[in-house]
2 protein chains.
Amino acid sequence: MPHTYQFARPALTVDIVVFGLDEDDLQVMLIQRDLPPFEGEWALPGGFVHVEETLEEAARRELVEETGLKDIYLEQLYTFGAVERDPRERVVTVAYYALVNLEGHDVQASTDARNAAWFPVSDLPKLAFDHQQILDAAHARLRGKVRYQPIGFELLPDRFTLRQLQRLYEVILDRELDKRNFRKKVLAMEIVKETNEIEKDVAHRAAKLYRFDKRTYDRLMKQGFNFEI
Amino acid sequence: MPHTYQFARPALTVDIVVFGLDEDDLQVMLIQRDLPPFEGEWALPGGFVHVEETLEEAARRELVEETGLKDIYLEQLYTFGAVERDPRERVVTVAYYALVNLEGHDVQASTDARNAAWFPVSDLPKLAFDHQQILDAAHARLRGKVRYQPIGFELLPDRFTLRQLQRLYEVILDRELDKRNFRKKVLAMEIVKETNEIEKDVAHRAAKLYRFDKRTYDRLMKQGFNFEI
DNA sequence: TTCCTTAGTGTGTGTTCGACACCAATATGG
DNA sequence: CCATATTGGTGTCGAACACACACTAAGGAA
């Protein structure tokens with residue numbers, strides 16, 4: 001069923017940078033390509049935008065198809081339109097980034113006959129197309145955003161310890177933070193609430209579990225704040 | 001010369017929100033449409049992306065064609081992809097925003113047989129398509145960005161007074177700032193340099209003219225800073 | 001020369017940032 | 001059961017910064 005237009009049109013795709021938090025690493029979900037070009041190389045999940053779906057719908061659809069991930073935090077990153085970024089033809093891609101916590105979501109590493117896997121951002125394989133550039137942009141955005149928005153909670157399980165939250169920030173910012181100052185700051189902005197529960201099955205003193213205060217969280221998410229920790 | 005593809009493709013356009021600074025208002029450049037749909041209504045400058053040009057090239061080309069503006073500060077804003085945003089067919093648009101100073105650039109209000117004009121953001125006509133939404137997003141971005149990047153200098157002439165700079169910030173942030181604290185802060189970050197010149201033709205004490213220190217400016221532009229004034 | 005308008009300048013107070021060290025609780029292993 | 005290893009949890013002090021605030025200086029206009 002061919003479609004004809006008066007002027008040539010670039011193809012339009014979405015690509016998604018999915019960040020996940022491991023015990024001590026920031027990870028990214030990659031797909032091994034089973035078709036040329038770049039056959040066998042690793043690439044970001046993504047695909048063509050259908051005419052009857054929005055960009056975000058396309059991103060969510062591709063995520064489910066290729067990785068099984070759904071109902072996750074997703075945000076538009078940037079649109080990449082270099083003329084030669086795909087060797088076959090002109091392809092413009094709208095990049096999104098996603099945050100998931102590796103414990104909560106059931107990640108089917110392989111669906112759609114493709115090979116999917118997590119890689120630590122600090123040790124990535126060579127990526128197809130300009131996907132390294134897209135990933136760098138997403139990482140930079142994450143680092144920048146964390147300073148003025150309470151982003152990143154999506155990377156943690158529902159109940160978490162303050163230590164986990166701190167490590168999240170340390171991994172994203174790539175530097176160590178002072179424990180006392182961190183706790184002071186986080187508690188002061190009232191973004192988390194103590195629960196009655198404590199950690200289980202740890203070989204040391206168990207930490208209290210916290211959860212976000214959704215109200216404060218959403219408010220700060222909108223108006224921004226200053227997290228120069 | 002028709003072009004045929006196996007699957008239907010959305011059309012791809014760029015739209016540009018051009019901000020300019022008047023004596024006391026933040027303004028936006030709009031184009032009056034001479035074709036349906038929305039014939040006669042005002043819209044953002046923009047147009048189709050050609051297959052052999054990048055997105056930014058398309059934005060700059062359309063700006064020259066429709067407003068005569070060139071060599072200006074331009075930054076990608078967001079990509080809008082709602083299915084029904086154009087009543088004719090599926091059109092995805094990559095929005096950019098631009099900053100110019102109204103004194104420096106020779107703005108041909110009308111080129112390309114179209115009617116172009118500046119409007120204060122506080123008093124806009126009804127806009128075609130979803131352009132009001134795009135404009136709101138650009139305005140929000142400008143307000144947000146001004147807090148952590150020395151953006152906005154592009155809105156001023158080459159030499160300017162600190163009073164002008166302050167009014168720029170006041171207009172963007174939409175609140176009054178303390179003169180002494182403002183000057184203290186701006187001078188402390190060494191982003192501007194005093195010149196030997198002073199204002200001319202003013203009916204009161206003439207102010208010193210300043211210009212940016214390009215080195216500091218570019219550095220802060222990259223690494224960001226904190227402008228919670 | 002008087003008046004009007006904007007330019008230009010400094011201090012003090014409260015708040016926040018950032019550096020820094022020790023005891024508490026629990027599991028493990030001898 | 002005692003020792004040890006590991007992480008949890010807490011407070012203070014000095015420095016830097018944010019913010020509120022009011023008067024004199026300069027120049028043109030009437």
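A, B, ... follow the sequence lines: proteins, then strands. Residue 1 opens every chain. No experiment lies behind these values; they were computed from the predicted model shown.
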Under 4.0 angstrom, heavy atoms only, what part of the nucleic acid is B:Lys208 near: base, sugar-phosphate, or nothing?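 Sugar-phosphate contact only - B:Lys208 comes under 4.0 Å of backbone atoms but never of a base.
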
Which whole-number value in Å describes the distance from [X] [atom1] to [N] [atom2]?
X        : N      : atom1 : atom2 : answer
B:Phe160 : C:dA7  : CZ    : P     : 14 Å
A:Glu199 : C:dT26 : CD    : C1'   : 11 Å
A:Asp178 : C:dT16 : CG    : P     : 18 Å
B:Glu176 : D:dA20 : CD    : P     : 12 Å
B:Lys200 : D:dA26 : NZ    : P     : 18 Å
B:Arg163 : D:dA25 : CZ    : P     : 21 Å
B:Glu194 : C:dA7  : CD    : C1'   : 12 Å
B:Ile198 : D:dA25 : CD1   : C1'   : 13 Å

Any donor-acceptor pair under 3.5 Å between the side chain of [X] and the base of [N]?
X        : N      : answer
B:Arg180 : D:dA22 : yes
A:Lys184 : D:dT12 : yes
B:Arg205 : D:dG27 : no

For the ring pair A:Phe212 and A:Phe160, is the centre-to-centre distance below 6.0 Å?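 So the answer is yes for these two rings.
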
Any B:Arg183 side-chain N or O less than 4.0 Å from OP1/OP2 of C:dG8: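 True: B:Arg183 side-chain N/O within range (under 4.0 Å) of C:dG8 OP1/OP2.
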
Between A:Val202 and A:Lys179, who's closer to the 5' end of DNA chain C by nearest nucleotide?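 It is A:Lys179, whose closest nucleotide lies nearer the 5' terminus.
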
Would you indicate which nucleotide in C:dC17, C:dG18, C:dG10 comes nearest to any side-chain atom of A:Lys185?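 Of all the options, the side chain of A:Lys185 is nearest to C:dC17.
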
Can you figure out which of D:dG9, C:dG8, D:dG28 approaches the side chain of B:Ala207 most closely?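 That would be C:dG8.
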
Atom CG of A:Asp174: over 12 foreign heavy atoms under 6.0 Å: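 Open.
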
Is any side-chain heavy atom of B:Thr67 less than 4.5 Å from a side-chain heavy atom of B:Val18?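 Answer no - side chains too far apart.
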
Over 60° means perpendicular and under 30° means parallel, so classify the ring planes of B:Tyr73 and B:Tyr97, tilted if in between.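 The rings of B:Tyr97 and B:Tyr73 stand perpendicular, inter-plane angle above 60°.
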
Give me each pair satisfying salt bridge (Lys or Arg N to Asp or Glu O under 4.0 Å) with a member in residues 196-207 of chain B, each pair once, sequence neighbours excluded.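 Listed by first then second residue: B:Arg159-B:Glu197.
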
